[in-house]
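Here is the structure we will look at, set down as structure tokens.
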Amino acid sequence: MCGIIGYVGELQDAARVVLNGLKKLEYRGYDSWGIAVIPSGSTAVSIEKHIGHISGAETMLPKGSLAIGHTRWATHGGVTEANAHPHVSCGGDIIVVHNGIIENFQELRDELSQHTFLSQTDTEVIPHLMEEYGKIPLEQAVSKALQRVKGSYAILVFSTREPEKMIAVRKESPLVIGLSSNGFFAASDAVPFLEYTTKAVDLDDGEMAVITRHHVEYYDIPSMAKKEKQQKKITWTAEAASKGDNAHYMIKEILEQPSALRNAVVQDKQKLTAFAKEVMNAKNLKLVACGTSRHAAIIGRYLFTKLGKKPADVYIASEFSYFADSSDADTVILAVSQSGETADVLDGLRKAKGKGARILSIVNVMGSTIDRMSDITLYLNCGPEVGVASTKAFLNQLAVFYLVAYTMAGKTEEGAKQIKDAAHVVEESIKLNNEKMKMLAQTIKKFEHVYFLARGVNFPIAIEGALKLKEISYVHAEGMPAGELKHGTLALIEKGTPVILINPTDYTYSDSLSNGMETKARGAFLIGLSNQINPVYDFFIQLPTPSNELLYPLVATVPLQLLAYYTACEKGLNPDKPRNLAKSVTVK
Ligand code: M6R
């Protein structure tokens, strides 16, 4: 769950190219960072490592045309300079950055006991292991070392003995090669090289790219058979991946939701129909996702049942692995993921695929591992999402679920129209609530616990609202089906406890209102989110009315995202970089 980037080419300041790239990858990890460069005309390496955020950082590293860098989210070993990457061999000539986990690192480390280890990381075994093979060509040393390594990795390596060559390899961790007229990049995703090029090649598991100033060659590991790879054009722009004049990515991404929603509707019709048909015909339909994407999947289940009369199960991906064995050729797995790289989702998919299941997915990142594993993928089309808290991806996941559900009911055009209408209503919801949520944040920041309640199709918005609030403002928040409250949680409600009731005037209205009243009777400070005011609310959040009551989740999500954002800001926290979290969770 780290970000890596390497560059080799004509640009003479590779270290700064890599530093700027790391700043764009920081959402993948921000405990510490480091860069290694071969200075021009030298065969020695210069390395810089730092603890903390990279955003405002400069580097003192000399100029050179090859550099690799890493931004870390600690797994093995604490947050120290020694544990920051790059890591080097005893001789100092082999330099490595790594994203992933080396599962057998302890065994290898014991075996390499005559080597001097400077960190507690799993990664450090790689340069030492390579050193064991003596002075053979770098690509051979990498290939041999990887035959000993168990686990997942995206690795960049160079050696001072071959100072114009960078090796990139991957297994179960993302790595994409960028091809520009000024040189080549290898990075965890395309965002850090978008300002140089939109031409890219996805590296697959078990592949190696050997990159020099003027060439990239691809090989299979361990056979080292040369292979041809397909080039792709990335549709994202550097501008879409920048935060512009906004204070944070998160607010930029919240505000661009209306236009993102309009893009969600632009789907390949044939694929959409085929996708809906597979969902409809599946004997066993299992929706698998984590975090916010799982909340979208729960709404998807409501929509499939309501519009397509199709039941489905929703699994937390990290738990799904324990059920994956029951999958078979009659099973359709529908994976939902913004990044398309979440390790827990991938693990379940691999197991289910191994049992013959069909894989459908709804993802944002084209060419991601989940996308490439899938029989059919529908894309979110919301552009790059950088803020750790998922916002626009969530709304677009909902939009894609609506489209699929309407297509299942034979009403694709109607579904598309509803989503376009919803984009206006979401715009209105932002206008109505932006200032109001700033105000409410001043109250919410003072509390340790907040409860979110809703029913039916709105229930996932309660858990999503709670997740947003806790992950970026560190206020403990719990979301639940309103009816479940009286089975335990009601005991925690006391005078002044904030309770947020998501209560549009749809089929859930009166039952949810009764549950809100039950909390109010115990002293709760009741915050109502509805299109209709009610005197029972101590604070009212106005929702505009969408064209169809099933669209309330889209409208109700927005004020809760804003509330979480402003609460974090009020507390002086950076909403884009919540402590201990990273955007793309590529470890189990
Ligand atoms: O990339 P994915 O959608 O698979 O990521 C899943 C979760 O890690 C993600 O939604 C996480 O819960 C967010 N930080 C929530 O805002």
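Whatever order the structure lists them in is the order used to number ligands and atoms, beginning at 1. Bear in mind the structure is a predicted one, so any value in this text is a computation, not a measurement.
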Legend entry - ligand 1-proximal atoms of E471, by part, heavy-atom distance under 4.0 Å: side chain

Please list the nearest protein heavy atom to [atom] with its residue and the distance rounded to 0.1 Å.
{"atom": "atom 8 (O) of ligand 1", "result": "V585 CG2, 3.9 Å"}
{"atom": "atom 1 (O) of ligand 1", "result": "S339 OG, 2.7 Å"}
{"atom": "atom 10 (O) of ligand 1", "result": "T292 N, 3.1 Å"}

Within the 4.5 Å heavy-atom criterion, are [X] and [Y] side-chain neighbours or not?
{"X": "D576", "Y": "M250", "value": "yes"}
{"X": "H449", "Y": "L492", "value": "no"}
{"X": "I463", "Y": "I298", "value": "yes"}

Examine distances only and state if a side-chain atom of [X] and a backbone atom of [Y] form a donor-acceptor pair shorter than 3.5 Å.
{"X": "H70", "Y": "H98", "answer": "yes"}
{"X": "E207", "Y": "D204", "answer": "yes"}
{"X": "E385", "Y": "K392", "answer": "yes"}

Inset, instruction - Measure the distances from the heavy atoms of K468 to every atom of ligand 1 and state whether one is below 4.0 angstrom. - result: yes

Inset, instruction - Say whether S584 and ligand 1 are in contact under the criterion: heavy-atom distance to a ligand atom below 4.0 Å. - result: no

[X] heavy atoms, cut-off 4.0 Å: which ligand 1 atoms fall inside?
{"X": "S293", "result": "2 (P), 3 (O), 10 (O)"}
{"X": "S390", "result": "15 (C), 16 (O)"}
{"X": "A389", "result": "16 (O)"}

Inset, instruction - Cation-pi check, K351 to F320: give yes when NZ or CZ is under 6.0 Å from the six-membered ring centre and within 45° of the ring axis, no otherwise. - result: no

Inset, instruction - Before signing off on this row, confirm whether S337 and ligand 1 have an N or O atom pair separated by under 3.5 Å. - result: yes

Legend entry - Geometric N/O contact V388 with ligand 1, under 3.5 angstrom: yes

Legend entry - Nearest neighbour of atom 12 (O) of ligand 1 from the list G291, A343, C290, on a heavy-atom basis: G291

Inset, instruction - Look at atom 4 (O) of ligand 1 and find which of T342, V345, L346, V288 reaches it with the closest heavy atom. - result: T342

Inset, instruction - Considering non-hydrogen atoms only, spot the tightest contact between S429 and V558 and give its length. - result: OG-CB, 3.9 Å

Legend entry - For the student: nearest non-hydrogen atoms of T412 and L403, plus distance: O-CD2, 4.4 Å

